[in-house]
Amino acid sequence: MIGSNPLLRSRLFWVGLLYFAQGLPFGIFLDMLPVYFRQHGVDLRQIGVLGLLSLAWTFKVLWAPAVDAWRGHRRWMQAANLLMALSVAALAGLDPTQPALWLIVGVFALLSATNDIAIDAYTVERIPRAELGLANGVRIALYRVGMLAAGALLMLSDRVGWAGTWLATSAVLVAVSVMCRAAPAEAPRVGPAPRLRDAWALMREPRVAYAALALLLALLWLAGRQMQWWGTRGDLALLLPAGGLLLLAAIQAAPRVASDAVAPFASMLARPHMLAILAFALTFKLGDAAMGFMVKPFWVDAGFSASEIGLISVNAGLVLSVAGGVLGGLLTHRLGVFTALWSLGLLQAVSNLGYVYVAHLAQTGVVSPPVLYGASMLESFTGGLGTAAFLAFLMAMVDARQAASEYALLSSLFALSRALAGFASGFGVEAMGYRGYFLLTFFLCFPAFALLPAIRRALTVPPAVAGSAGAS
C-alpha cells in the first residue's frame, strides 16, 4: 500500500504525522489535565504535582539508550500510544481525588516521554541532512497541531462530560498507535549497537548511584508533601537518608568509567562563562514556567467553561505563540541575539502583568471575558517572541562539533525550570492568591537579566574557540 501511494512514500508526510503523535500527549498533559482537576475541585497544591511529573521529559535522556538498544522505534511508538490510550481510558472510571489517579498520570508522562524518544530517533534516521530544514518546519507545525487537537478534546468535555472525553481521547490515541506502526520500516542498523552495560557500569559507580538514590528520595518527598500522604515522620524518613546519600556522593572519588558520552559535557563545562550560560538557560523562561500550570485553574475559578479555555487559552494561544515565534525569529535575525534576548525578554515579562490585572478584577468583581481573552493572547504571543530569542541563544552557545549533546543539556535545564516552578506554583497561589502569585511571576523574569553582562561576553566568543581555549 505504501509503495503504490506517493503521499505515503513521502518522508515529510510521516514526519508530520509522527510529530502530531508527539504533540497530542503533551497537550493532554499540559492543557487538559489542569482543567479536569480544577473542575473537580482538586487542590491547587496537588495540581502543582503535574509540574513534578513533567520531569519525565527532562530526564528521558536516562532511558533513551534502552530505546536505541532494543531496536524497533515503530514498535516503541505503537506500544507507548496503546498504553497511553489505556491510561486515559482508566481516568474515565476514577474519582479525581483518588491517589491511584496520580499514579496513572505519572505513567502517562513516562510513556509520552518514551514516545518522544522513539519518534525523534526514527526521524533522525529517516531524514537526510539536506531535508532537515524543511522537515524541522513540518515537525514544529504538526507538533502544534497535535496540541491543538488536545484543545479540541478539551472543548468536547462541555458537551459529553469528562468520562466521554477521556474515552474519545483514548480512541484517538489508539488510532495514533496504528498510524505509528504503519510508518515505513526503519533501515538496518549501521554500526555497533549501543552497549547498555557501559551505562550500567556508570550507574554502579558509588558517586552516581548515591546521587541517583538521593534524587529519587527527594522527588518522593516532594510528591508526598504536596499530596499530603504523610506528616513530619514521613518527611524525616525520606529527607535524612537523602541528605546522607548526597554527603556520601560528595566524598566519593570521581567515576572511573571512561565514556565518550561524558566527554562533550566535560569540555562544555570547561568553557568561559559556562556557569552564567547554564544559569541563564535555567532562569530566562522562569516567569513563564511559574505561571504554566496555574493559568487554566485560574480560568476555571474565574467561571469560564472548558470550551472557552480550549478555544482561547489553548487553540488561539498556540496559534499566537507560533506567530510570535515566527516574528521573534525575524527580529532576532535583525537585532542580533543579545538585543533580542533583553528586549523580547522584557516584553515576555510585562505580559504577565495582564494576568495580574485580570486576577485583580476577579477579586473585586466579575472578570470581563474580553479582558481575560486579551491577557491570554498577549501572554501567548510574547511568550513566542521570547522563546524564539531563547532558542537562538541556545543554538549560538553550542559547539557544532557536539551540538546534539550540548543542546540537549541546555534545553533540559529549561525543562527542569518548568517542572520545578510548576511544582511550586500550587503552593504559591494557595499562599498568595492568584493576583499576588502572578505578580511574583513578573519579578521571577528578572534574575536572568542580572546575567546579561556575562551572556554578552559569552556571545562574542564562538563556542569552538572557547572550547579550544578551555582545553589548553
Supply the atom-to-atom distance [X] [atom1] to [Y] [atom2], rounded to the nearest 0.5 angstrom.
X: Leu439; Y: Tyr355; atom1: CG; atom2: OH; result: 16.0 Å
X: Leu444; Y: Leu286; atom1: CG; atom2: CG; result: 5.0 Å
X: Thr165; Y: Leu91; atom1: OG1; atom2: CG; result: 11.5 Å
X: Ile119; Y: Gln22; atom1: CD1; atom2: CD; result: 5.0 Å
X: Ser425; Y: Leu420; atom1: OG; atom2: CG; result: 11.0 Å
X: Leu142; Y: Leu24; atom1: CG; atom2: CG; result: 12.0 Å

[X] side-chain N/O to [Y] backbone N/O, donor-acceptor pair under 3.5 Å:
X: Ser157; Y: Leu154; result: yes
X: His360; Y: Val356; result: no
X: Ser321; Y: Gly317; result: no
X: Ser54; Y: Gly51; result: yes
X: Ser87; Y: Leu83; result: yes
X: Lys296; Y: Leu33; result: no
X: Ser170; Y: Trp166; result: no
X: Ser313; Y: Gly310; result: no
X: Ser376; Y: Tyr373; result: no
X: Asn115; Y: Asn81; result: no

Are any non-hydrogen side-chain atoms of [X] and [Y] less than 4.5 angstrom apart?
X: Asp95; Y: Leu101; value: no
X: Phe280; Y: Leu341; value: yes
X: Leu173; Y: Ile28; value: yes
X: Leu17; Y: Trp14; value: yes
X: Met147; Y: Leu30; value: yes
X: Met294; Y: Ile47; value: yes
X: Phe108; Y: Leu53; value: no

If you compare all heavy atoms of [X] against all heavy atoms of [Y], which two are closest, and at what distance to 0.1 Å?
X: Phe284; Y: Ala448; answer: CA-CB, 3.7 Å
X: Ala392; Y: Thr332; answer: CB-CG2, 3.7 Å
X: Gln78; Y: Ser177; answer: O-OG, 2.9 Å
X: Pro184; Y: Tyr122; answer: O-OH, 2.7 Å
X: Val42; Y: Arg38; answer: O-NH1, 2.9 Å
X: Gln348; Y: Asn352; answer: O-OD1, 3.5 Å

Starting from the C-alpha separation in whole Å, work towards a yes-or-no answer on side chain to side chain contact (heavy atoms under 4.5 Å, CB included) for Val358 and Phe438.
-> CA-CA 10 Å; Val358 177; Phe438 289 155; over 6 Å; no
Do you see a donor-acceptor pair shorter than 3.5 Å between the side chains of Tyr437 and Glu430?
->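 No donor-acceptor contact under 3.5 Å links the two side chains.
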Can you list the steps and then say if Phe381 with Leu327 is a side chain to side chain contact (heavy atoms under 4.5 Å, CB included)?
-> CA-CA 10 Å; Phe381 182 71; Leu327 179 59; 3.7 Å; yes
CA sep, side-chain torsions, deciding dist, call: Trp299, Val35, side chain to side chain contact (heavy atoms under 4.5 Å, CB included) = CA-CA 8 Å; Trp299 279 68; Val35 177; over 6 Å; no
Plane angle bin for Phe37 and Trp102 - parallel if under 30°, tilted between 30 and 60°, otherwise perpendicular |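 Taking Phe37 first and then Trp102, their aromatic rings lie parallel (interplane angle under 30°).
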Do the ring planes of Phe26 and Phe29 sit parallel (below 30°), tilted (30 to 60°) or perpendicular (above 60°)?
-> parallel
Go through the steps to decide whether Trp76 and Cys180 satisfy the test side chain to side chain contact (heavy atoms under 4.5 Å, CB included), and finish with yes or no.
-> CA-CA 9 Å; Trp76 281 98; Cys180 290; over 6 Å; no
Should we say atom CZ of Arg181 is surrounded by more than 12 heavy atoms from elsewhere, each under 6.0 Å from it?
-> yes
Show your working on side-chain hydrogen bond (donor to acceptor under 3.5 Å, both in side chains) between Tyr434 and Gln363 and close with a plain yes or no.
-> CA-CA 9 Å; Tyr434 283 113; Gln363 286 185 348; over 6 Å; no
